[in-house]
Amino acid sequence: MSFIRGVLAGLAIGYLTAPRSGKETRDKLTQNVNDLQSQWEEGVSQVKSQVDKLVGKAETTANQYADKAENKIDQYKNEAKSTYNQERAKNAYNDKVDDAADATKSGINNIEDALKLN
């Protein structure tokens, strides 16, 4: 900011000491100030444009990472459900095998008891 003030002060001193009429000097100063203002506005516009582009890229990238994370979460959730369902099926199968073994053992005991009575 001090650099800009220095440039403006130097320009003002240069124009005020130049061998021109007051009106010409004022007109020249006005023109230079207007040029500086339009350059400043153009620079600000370019900076805003670049910031908007960067923000847009950042949003796009963030959305891509969010989508990837969501897909991974869904994948892990589905794998967990599948594992849970497999465990349930395995437990149900084991329970049926245990029930069949118990029924077989009971049947064998009944047969043994029947044979002992005869």
Side-chain angles (χ1 to χ4, degrees):
M1 198 54 139
S2 343
F3 175 75
I4 293 174
R5 287 184 190 160
V7 168
L8 291 176
L11 286 172
I13 290 171
Y15 283 117
L16 293 175
T17 58
R20 292 190 190 116
S21 70
K23 180 169 177 18
E24 287 178 6
T25 301
R26 285 190 302 275
D27 289 344
K28 188 70 172 169
L29 279 173
T30 302
Q31 180 62 38
N32 285 341
V33 167
N34 288 339
D35 288 346
L36 283 174
Q37 183 177 3
S38 67
Q39 288 176 359
W40 174 262
E41 289 171 355
E42 183 179 328
V44 168
S45 175
Q46 289 176 353
V47 169
K48 283 182 181 179
S49 174
Q50 290 297 323
V51 167
D52 288 343
K53 285 180 186 177
L54 289 174
V55 167
K57 286 181 182 179
E59 286 176 346
T60 300
T61 303
N63 287 337
Q64 288 173 346
Y65 284 123
D67 289 343
K68 284 182 181 179
E70 189 174 334
N71 289 339
K72 278 294 184 188
I73 288 170
D74 288 342
Q75 176 187 348
Y76 293 145
K77 186 168 65 172
N78 289 337
E79 288 174 4
K81 281 182 182 179
S82 176
T83 302
Y84 175 74
N85 288 337
Q86 287 175 356
E87 285 297 318
R88 283 184 56 195
K90 187 191 297 184
N91 289 339
Y93 173 79
N94 287 339
D95 289 345
K96 287 186 180 188
V97 168
D98 288 343
D99 290 345
D102 290 342
T104 303
K105 188 171 185 170
S106 175
I108 289 172
N109 288 338
N110 288 340
I111 290 173
E112 286 177 348
D113 290 342
L115 290 175
K116 286 180 187 176
L117 291 177
N118 290 335

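- In terms of modelled atom types and a separation under 3.5 Å, the side chain of S82 and the main chain of N78 share no donor-acceptor contact.
- To the nearest 0.5 Å, atoms CD (Q75) and CD (E79) are separated by 4.5 Å.
- Summarising the geometry, atom NZ belonging to K105 is positioned 10.0 Å from atom CD belonging to E112; distances are rounded to the nearest 0.5 Å.
- Judged purely by distance below 3.5 Å, without hydrogens or angles, the side chains of Q31 and D35 pair a donor atom with an acceptor atom.
- Between the side chain of T60 and the main chain of G56, a donor-acceptor pair closer than 3.5 Å is present.
- With rounding to the nearest 0.5 angstrom, the CD atom of E41 is 9.5 Å from the CG atom of N34.
- The CD atom of E59 lies 9.5 Å from the CG atom of D52; values are rounded to the nearest 0.5 Å.
- Using a distance-only test at 3.5 Å, with no hydrogens or angles considered, a donor-acceptor pair links the side chain of T61 to the main chain of K57.
- To the nearest 0.5 angstrom, N91 atom CG is 9.5 Å from R88 atom CZ.
- By the criterion of side-chain heavy atoms lying less than 4.5 angstrom apart, applied directly or through intervening Ile, Leu, Val, Met, Phe, Trp or Tyr residues, V55 is grouped together with V47 in one hydrophobic cluster.
- For the atom pair CG (D27) and CG (N32), the distance works out to 11.0 Å, reported to the nearest 0.5 Å.
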